[in-house]
Amino acid sequence: MHRAPVPPIARNAAWHAPASLVELLVVIAITGVLVGLLLPAVQQAREAARRMSCSNNLKQLGLAAHNYHDTFNVLPPALQNSGRYNNEQYHLDTAGGVKNTTGWAMMLPFLEQASIYENFNFDVSTSSSSPYDIPLVGDATLNSELYSTRASTFECPSHPQAGEWSSYDVGGTSFYARENAVRTSYFFSTGYYTDYSRPYELTNGNVQQGMFGNNGAAKFAAVTDGLSNSLAFGEGAGGRSKTSRHYGPWGLSGIHTGVHGRVVVRDVSSGINPSASESQNYSINGAWNNDARRRTYAWIFGSYHPGGAQFAYGDGSVRFLSESMDFVQFARLAYIHDNEVVGEL
């Protein structure tokens, strides 16, 4: 039987198919390589933009602190009448009870947040956190709508959990009692002290004093190490990066661990002599007790930026400090009148 001739295209189709498949695989491989090369560059560019935005936030906080000082001739307290300062008589004498008002709330009009400030009731408690059963001032829920309001100035774009709302022990008085508290990214630099500590004026003269404290803060004249050599604010990104989801910062909500950034050196008898554990645990991004997941403790400064965190100094400048910097130098920056000035880093 005579067979019709196979057309050239049909005859060659089987021959060209493997070549086309190989070419396609080569193109895919080249594209994959190019994406692999470009993706880190894109990620770095995005991080650079986020870091710049974070730096601008800290710059705004520094400027607001200066404007507050110009107005009141003193910096705002980190926290007013902390529910964790276990001294009922002091609270009753000074404010009629626990208030838990944060310094961020007091700085609102200097952060272009006048609308929140004008509606904020400073005559009542901002948080019900009073674990020692010291009476609260007024109804702690009156400001709940305001302290649950997000403000971009308090949130670093590199901090994944910034802006999350969180509630715990609603209506209770435990350490972390909160309702729709907003997770934020920045701490006041409070030296050795926390929301457990006595009022700021009672720590005057202690070389471990930071720029801010409870029921008080420094005047610029008291920063004898120099404003350009002393920390005012710093990143303290919480959430998954800390050893407890309850840990701050918590912005306008005056709950436990919400606003204080702490640097601990217990031995200051002859200079600043930290122990090995202090140097590890209280350094920037320091993994608490060598935590396998590299999580930090409650009051520790740290960030999601690679290699360190950003800080606003007393003069309003913003600098990135490496997590590998000498811990003694870091402590000297946190302590505002230890008479040990840190040189250029």
Side-chain angles (χ1 to χ4, degrees), residues 58-82 84-85 90 94-95 99-111 122 154 186-236 248-249 254 257-265 268 271-272 282 299 301 310-319 321 328-342:
L58 285 162
K59 178 74 72 174
Q60 293 302 312
L61 296 178
L63 179 62
H66 273 258
N67 288 334
Y68 187 102
H69 191 280
D70 288 346
T71 302
F72 298 105
N73 196 36
V74 67
L75 290 167
L79 196 62
Q80 188 76 20
N81 281 64
S82 166
R84 281 72 63 200
Y85 176 51
Y90 177 84
T94 58
K99 296 192 76 173
N100 287 323
T101 306
T102 74
W104 302 128
M106 300 177 197
M107 290 170 61
L108 286 171
F110 305 101
L111 291 166
F122 287 90
F154 298 135
Y186 307 110
F187 279 140
F188 290 92
S189 180
T190 58
Y192 180 87
Y193 301 100
T194 71
D195 49 325
Y196 286 118
S197 302
R198 59 193 186 278
Y200 190 81
E201 64 179 10
L202 299 182
T203 67
N204 284 342
N206 192 314
V207 298
Q208 297 163 301
Q209 226 179 13
M211 204 167 290
F212 299 90
N214 296 328
N215 287 65
K219 295 185 176 183
F220 283 156
V223 188
T224 55
D225 288 348
L227 295 176
S228 62
N229 297 296
S230 302
L231 302 179
F233 312 107
E235 294 186 81
T257 74
V259 296
H260 294 71
R262 189 185 196 200
V263 179
V264 171
V265 178
V268 293
I272 295 175
Y282 291 93
W299 299 288
F301 289 109
Q310 299 195 101
F311 293 81
Y313 284 61
D315 63 353
S317 63
V318 177
R319 305 174 207 175
L321 296 182
V328 172
Q329 287 189 313
F330 182 51
R332 287 172 176 167
L333 290 172
Y335 303 159
I336 64 173
H337 46 63
D338 63 306
N339 299 317
E340 296 284 353
V341 176
V342 176

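- Residues T224 and N339 are in side-chain contact: their nearest non-hydrogen atoms beyond the backbone lie under 4.5 Å apart.
- Contact record, G216 with P77: N-CB, 3.3 Å, taken as the closest heavy-atom pair.
- Between the side chain of T203 and the main chain of N206, no donor-acceptor pair closer than 3.5 Å is present.
- Between R332 atom CZ and L231 atom CG the span is 13.5 Å, to the nearest 0.5 Å.
- Residues N204 and Q209 have side chains that bring a donor and an acceptor to within less than 3.5 angstrom of each other.
- Under the 6.0 Å distance and 45° angle rule, R198 does not count as a cation-pi partner of Y85.
- The aromatic rings of W104 and F233 sit tilted, their planes meeting at an angle between 30° and 60°.
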Check against side chain to side chain contact (heavy atoms under 4.5 Å, CB included), T101 and M106
CA-CA 8 Å; T101 306; M106 300 177 197; 3.9 Å; yes
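- A ring pair (Phe, Tyr, Trp, His ring centres under 6.0 Å) with F188 holds for exactly one of F301, F311, F212, F154; it is F212.
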Between Q329 and E340, is the side chain to side chain contact (heavy atoms under 4.5 Å, CB included) condition met? List the steps.
CA-CA 9 Å; Q329 287 189 313; E340 296 284 353; over 6 Å; no
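- Under the 4.5 Å side-chain criterion, counting only non-hydrogen atoms from C-beta, L58 is in contact with Y186.
- Nearest heavy-atom pair across G236 and P249 is O-CD, 2.9 Å.
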Take H66 and F110 through the ring-ring contact (aromatic ring centres under 6.0 Å, His included) test and state the conclusion after the steps.
CA-CA 9 Å; H66 273 258; F110 305 101; over 10 Å; no
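- You'll find the side chain of L227 reaches within 4.5 Å of the side chain of F220, heavy atoms only.
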Between L321 and L333, is the side chain to side chain contact (heavy atoms under 4.5 Å, CB included) condition met? List the steps.
CA-CA 11 Å; L321 296 182; L333 290 172; 4.0 Å; yes
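- Figure legend: R262 and Y193 shown without cation-pi pairing, the cationic atom not lying both under 6.0 angstrom from the six-membered ring centre and within 45 degrees of its axis.
- Taking 4.5 Å as the limit, some side-chain heavy atom of L75 sits within range of a side-chain heavy atom of M211.
- Annotation for G254 and R84: closest pair O-NH2, 3.1 Å, computed over non-hydrogen atoms.
- For F187, there are no ring-ring contact (aromatic ring centres under 6.0 Å, His included) partners two or more places apart in sequence or in a different chain.
- In this structure, the side chain of T94 engages the main chain of Y90 through a donor-acceptor pair within 3.5 Å.
- Considering only heavy atoms from C-beta on, D338 comes within 4.5 Å of D225 through its side chain.
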Can you check side chain to side chain contact (heavy atoms under 4.5 Å, CB included) on Y192 and V268, steps first, answer last?
CA-CA 11 Å; Y192 180 87; V268 293; over 6 Å; no
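- Here M107 contributes atom CE and Q60 contributes atom CD; the two are 10.5 Å apart, rounded to the nearest 0.5 Å.
- At a threshold of 4.5 Å between non-hydrogen side-chain atoms, the residues P76 and Y68 count as touching.
- The heavy-atom pair separating Y335 from V265 by the smallest distance is OH-N, 3.2 Å.
- Between the side chain of T257 and the backbone N or O of W299, no donor-acceptor pair lies under 3.5 Å.
- K59 places no side-chain N or O within 3.5 Å of a backbone atom of A312 that could act as its donor or acceptor partner.
- Side chain of Y200 to backbone of G210: a donor-acceptor contact under 3.5 angstrom is found.
- Residue H260 is tested with T194, T190, N214 for a side chain to side chain donor-acceptor pair (under 3.5 Å); the sole match is N214.
- One side chain, N215 or N81, offers a donor N or O that lies under 3.5 Å from an acceptor on the other.
- In plain terms, the two heavy atoms of S228 and D315 that are nearest each other are CB-OD2, 3.2 Å.
- Summarising the geometry of A331 relative to I272, their closest heavy-atom pair is CB-CG2, 4.2 Å, with the distance given to 0.1 Å.
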